[in-house]
Amino acid sequence: MSTSSSRKGQPTVLLCIGMAGSGKTTFMQRLNAHLHSKKRPPYVINLDPAVLKLPFTPNIDIRDTVNYKEVMKQYNLGPNGGILTSLNLFTTKFDQVLDFVNKRAPTLDHIIVDTPGQIEIFTWSASGAIITDALAATYPSVVAYIIDTPRTTSPATFMSNMLYACSILYKTKLPFILVFNKTDVVSHEFAVQWMTDFEAFQLALQKDTSYMSNLMNSMCMVLEEFYNNLKVVGVSAVTGEGIDEFFVAVDEAVKEYEEIYKPELERLIQEKARKKEDEKHAQLDKLMKDLEVSDSSGQAMDELDNERNSDENDDDNDDIHNDGDYEQMQRHQEQLEDQSFNRWIKQVNQSADSV
């Protein structure tokens, strides 16, 4: 049995997700006990703020940071709203959680994460996506979807669980393991048969005469391709049966992460960085264009001011020229008047001489 991590300094993250009552927390305890027995203790993170008591001791516990009941009281929320808000508040400090994990990473093989039983709160919330992406971007990550086997013997319940699993797979985009828990009560062989044999599921549907049978008949054909890419294991969190097979599936999922999911994740990160860089360049180009428009407007205003100043100078010169012409005309007029007066005096003198 292999419980080693994919490479030194890179522990495997196990995200345990499951509906309330599926035995998820008990399964976490079994994983923790099994790894301790192998002298490879995991790093345990609890993200369920509403749990009263845990059968294991987590290294990081959301309850140490956020008081679930106080959040409900302060924000006037119900149980689900309180869990969601508590998770959101905890996510604002998740960078510190990653710092703690990074310090211990070289000595770890596994990081196991317990999530809230209200499955939609973690899988479909922004905080759940942030936590999942942050872990998956740093370490090989695998989603373990825990299913309550005794309650899945009905075709309708089975199909509901498969639809949930399908939605989580396409939401997280991570290697996925279906874990049929409580096999000490009911074997999971019927579920494996329904997933691999279409006709076997059709026979089970014949016993259901409700309107749901037609819907499930159509859905099972749609999910046939989905089943082909799933890893399925049956375990008993109480007895420990199937835990070895589970870790074999984890090792296979880690290889799948390295070969398929990690390159795709890196491509998405690079694409996001490229888009951010393009947006930065676009904003810079827009700023430069605005500056060019501002400069051209300033130059136009300067030219207009220069024209105005030139016109004013011309008007001043015209005024100067006009003043000079006026003075010259006035002097000429005075000269003419003097000449006329002199002629008149001369005529008077001539008349006096003749008398």
Side-chain angles (χ1 to χ4, degrees), residues 11-29 31-32 41-105 108 110-146 164 167-174 176 265 268-269 272-273 276:
T12 300
V13 176
L14 299 177
L15 287 167
C16 296
I17 300 175
M19 296 183 184
S22 62
K24 176 172 52 61
T25 302
T26 308
F27 176 73
M28 283 277 300
Q29 189 273 337
L31 293 180
N32 185 43
Y43 199 83
V44 184
I45 301 175
N46 173 48
L47 297 180
D48 190 352
V51 64
L52 296 177
K53 187 177 180 181
L54 290 173
F56 52 85
T57 303
N59 297 89
I60 294 179
D61 195 339
I62 187 176
R63 297 176 300 172
D64 295 335
T65 305
V66 183
N67 190 319
Y68 164 69
K69 292 185 178 180
E70 285 297 322
V71 169
M72 289 178 60
K73 183 178 179 180
Q74 182 176 350
Y75 294 97
N76 194 25
L77 299 171
N80 289 342
I83 294 174
L84 178 59
T85 304
S86 298
L87 194 61
N88 290 340
L89 293 172
F90 182 76
T91 304
T92 61
K93 302 294 184 182
F94 199 72
D95 57 329
Q96 299 178 17
V97 174
L98 288 177
D99 290 339
F100 288 126
V101 175
N102 291 336
K103 292 177 182 178
R104 292 284 307 277
L108 298 173
H110 296 89
I111 302 168
I112 56 178
V113 183
D114 192 12
T115 59
Q118 288 73 10
I119 192 171
E120 69 282 355
I121 290 178
F122 183 79
T123 56
W124 292 103
S125 67
S127 54
I130 291 172
I131 292 173
T132 301
D133 293 343
L135 291 172
T138 311
Y139 307 106
S141 301
V142 179
V143 175
Y145 181 62
I146 319 302
Y164 256 117
S167 65
I168 295 171
L169 172 63
Y170 288 106
K171 183 69 170 61
T172 59
K173 298 181 177 64
L174 290 173
F176 203 85
L265 184 62
L268 292 175
I269 292 175
K272 186 177 181 180
K276 189 175 182 179

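None of these values were measured; they are calculated from a predicted model.
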Please determine whether side chain to side chain contact (heavy atoms under 4.5 Å, CB included) holds for the pair Tyr139 and Asn102, giving the CA-CA distance in whole Å, both sets of side-chain angles, and the decisive distance to 0.1 Å. CA-CA 10 Å; Tyr139 307 106; Asn102 291 336; 2.2 Å; yes
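- Side-chain atoms of Ile119 and Tyr145, non-hydrogen and from C-beta on, do get closer than 4.5 Å to each other.
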Side chain to side chain contact (heavy atoms under 4.5 Å, CB included), that's the test. Do Val51 and Arg63 meet it? Break it down for me. CA-CA 9 Å; Val51 64; Arg63 297 176 300 172; 3.9 Å; yes
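- Between the CZ atom of Phe100 and the CG atom of Asp95 there is a distance of 10.0 Å, given to the nearest 0.5 Å.
- Scanning both residues, Leu77 and Gly82, for their nearest heavy atoms gives CB-N, 3.9 Å.
- Residues Val44 and Asp114 form no side-chain contact, since every pair of their non-hydrogen atoms from C-beta on lies 4.5 Å or further apart.
- Here the CD atom belonging to Gln29 is positioned 7.5 Å from the OG1 atom belonging to Thr26, to the nearest 0.5 angstrom.
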Side chain to side chain contact (heavy atoms under 4.5 Å, CB included) for Phe94 and Leu135? Distances and angles first, verdict last. CA-CA 10 Å; Phe94 199 72; Leu135 291 172; 4.2 Å; yes
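- At most 12 non-hydrogen atoms from other residues, nucleotides or ligands lie less than 6.0 angstrom from CG of Asn76.
- Expressed to the nearest 0.5 Å, how far OG1 of Thr123 lies from CD of Gln118 amounts to 11.0 Å.
- A distance-only check finds a donor-acceptor pair linking the side chain of Ser167 to the backbone of Tyr164 [under 3.5 Å].
- Smallest separation of non-hydrogen atoms from Leu108 and Pro42: CD2-C, 4.4 Å.
- Within 6.0 Å of NZ in Lys171 there are more than 12 heavy atoms belonging to other residues, nucleotides or ligands.
- Smallest separation of non-hydrogen atoms from Asn80 and Ile121: O-CD1, 3.6 Å.
- Residues Pro49 and Leu87 form no side-chain contact, since every pair of their non-hydrogen atoms from C-beta on lies 4.5 Å or further apart.
- Side-chain atoms of Lys24 do not come within 3.5 Å of backbone N or O of Cys16 as any donor-acceptor pair.
- Contact annotation: the side chain of Thr25 approaches that of Pro55 to within less than 4.5 Å [non-hydrogen atoms, C-beta and beyond].
- Side-chain contact between Ser22 and Phe27: absent, with no pair of heavy atoms (C-beta onward) separated by less than 4.5 Å.
- Partner of Ile45 under the side-chain contact (heavy atoms from CB on, under 4.5 Å) criterion, chosen from Asn59, Asp61, Ile111, Ile62: Ile111.
- The main-chain N or O of Ala129 is never found under 3.5 Å from a side-chain atom of Thr132 such that the two would form a donor-acceptor pair.
- Between the CG atom of Leu15 and the OG1 atom of Thr115 there is a distance of 7.5 Å, given to the nearest 0.5 Å.
- Between the Lys93 side chain and the Phe90 main chain, no donor and acceptor come within less than 3.5 Å of each other.
- No side-chain N or O of Asp48 forms a donor-acceptor pair with one of Tyr68 less than 3.5 Å apart.
- In this structure the side chain of Thr91 reaches within 4.5 angstrom of the side chain of Ile131, judged on heavy atoms.
- Rounding to the nearest 0.5 Å gives a distance of 9.0 Å between CD1 of Ile83 and CD of Glu120.
- Counting heavy atoms from C-beta on, the side chains of Thr138 and Val101 never come closer than 4.5 Å.
- Taken from NZ in Lys173 to CG in Leu268, the straight-line distance is 8.0 Å, to the nearest 0.5 Å.
- Taking the side chain as every heavy atom from C-beta outward, Leu84 and Ser125 approach each other to under 4.5 Å.
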